[in-house]
Amino acid sequence: MSRRMRFWLMKSEPDVFSIDDLKREKTTGWDSVRNYTARNFMRDDMSVGDAVLYYHSNAEPSGIAGLAKVVGLAIPDPTQFDKKSEYYDAASKKDSPTWVMVTVGFVKKFPRVISLAELKSDKHLAGMPVTQKGQRLSVMPVSKEHYDRVLELSEGC
DNA sequence: GCCAACGTTGGC
DNA sequence: GCCAACGTTGGC
């Protein structure tokens with residue numbers, strides 16, 4: 001029995017890892033998350049098959065660039081043990097890792113980025129967390145209604 | 001590049 | 001356990 005699938009929004013700076021990078025590599029470990037709320041979503045609430053809106057932050061324009069999906073449950077994030085990584089965490093123990101990552105797979109790139117301005121101005125998306133001021137979470141849940149609306153916007157021109 | 005908003009750290 | 005100081009995020 002699988003429970004109902006969930007919907008997520010995950011942010012990445014396209015200069016670091018864009019939807020095109022994901023398309024080329026097909027899957028990627030969502031490493032380097034160092035926020036407890038985002039970690040808890042990955043660790044506790046994400047399941048294989050969940051749908052992901054792929055959001056480009058610090059971009060021109062910032063916005064939703066395509067779709068991805070969860071293809072692997074949370075596992076320890078190897079960067080926390082890598083002394084050469086800027087995400088190295090000396091306090092994290094191998095037998096009880098602090099940070100985890102899910103594995104994300106490419107689904108599709110939208111024909112255009114749905115910009116944050118457009119998300120904010122769409123009446124159907126009122127209250128969507130990513131449009132709220134000060135919302136910095138890199139992994140956040142999305143309602144089915146908001147997810148479906150974003151798909152509609154991606155298909156329209 | 002600026003800076004508001006937020007999360008984390010650490011002194012007390 | 002409070003909260004000031006600091007670091008980070010990310011829109012603009």
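Order of the sequence lines sets the chain letters (A, B, ...), proteins ahead of strands, with each chain counted from 1. Only a predicted model underlies this, so the values are computations on that prediction, with no experimental measurement involved.
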Atom CG of N35(A) and atom P of dT9(C) are separated, to the nearest Å, by 9 Å
Do we see a donor-acceptor contact under 3.5 Å between the side chains of R4(A) and S47(A)? no
I64(A) atom CD1 is separated from dG11(C) atom C1', nearest whole Å, by 15 Å
Per nearest nucleotide of DNA chain B, the residue lying toward the 5' end, L137(A) or N58(A), is N58(A)
Rounded to whole Å, CD of Q132(A) lies from P of dC6(B) at a distance of 11 Å
Closest of dA4(B), dG11(C), dG7(B) to the R136(A) side chain is dG7(B)
Among dG11(C), dG10(C), dC6(B), the one nearest any side-chain atom of K11(A) is dG10(C)
From OH of Y87(A) across to C1' of dG7(C) the rounded distance in Å is 13 Å
Checking dG10(C), dC12(C), dT8(B) against the side chain of Y36(A) (C-beta onward), the nearest is dT8(B)
Salt bridge (Lys or Arg N to Asp or Glu O under 4.0 Å) filter on K108(A), not counting sequence neighbours, yields none
Taken to the nearest whole Å, CD/E86(A) to P/dT9(C) is 9 Å
Under the criterion side chain to side chain donor-acceptor pair (under 3.5 Å), I'd like the reasoning laid out for S92(A) against Q80(A): C-alpha separation, chi angles, the key distance, then a yes or no.
CA-CA 7 Å; S92(A) 183; Q80(A) 72 197 303; 2.7 Å; yes
Taken to the nearest whole Å, CD/Q135(A) to C1'/dT8(C) is 14 Å
State yes or no: are the ring centers of Y36(A) and W99(A) separated by less than 6.0 Å? yes
From CE of M140(A) across to P of dG7(B) the rounded distance in Å is 11 Å
Applied to residues 59-73 of chain A, the side chain to side chain donor-acceptor pair (under 3.5 Å) test, sequence neighbours excluded, yields none
Taken to the nearest whole Å, CD/E13(A) to C1'/dG11(C) is 12 Å
Using OP1 and OP2 only, check whether a side-chain N or O of Y55(A) sits under 4.0 Å from dG11(C). yes
**Prompt:** Any side-chain N or O of S62(A) under 4.0 Å from OP1/OP2 of dG10(C)?
**Reply:** no
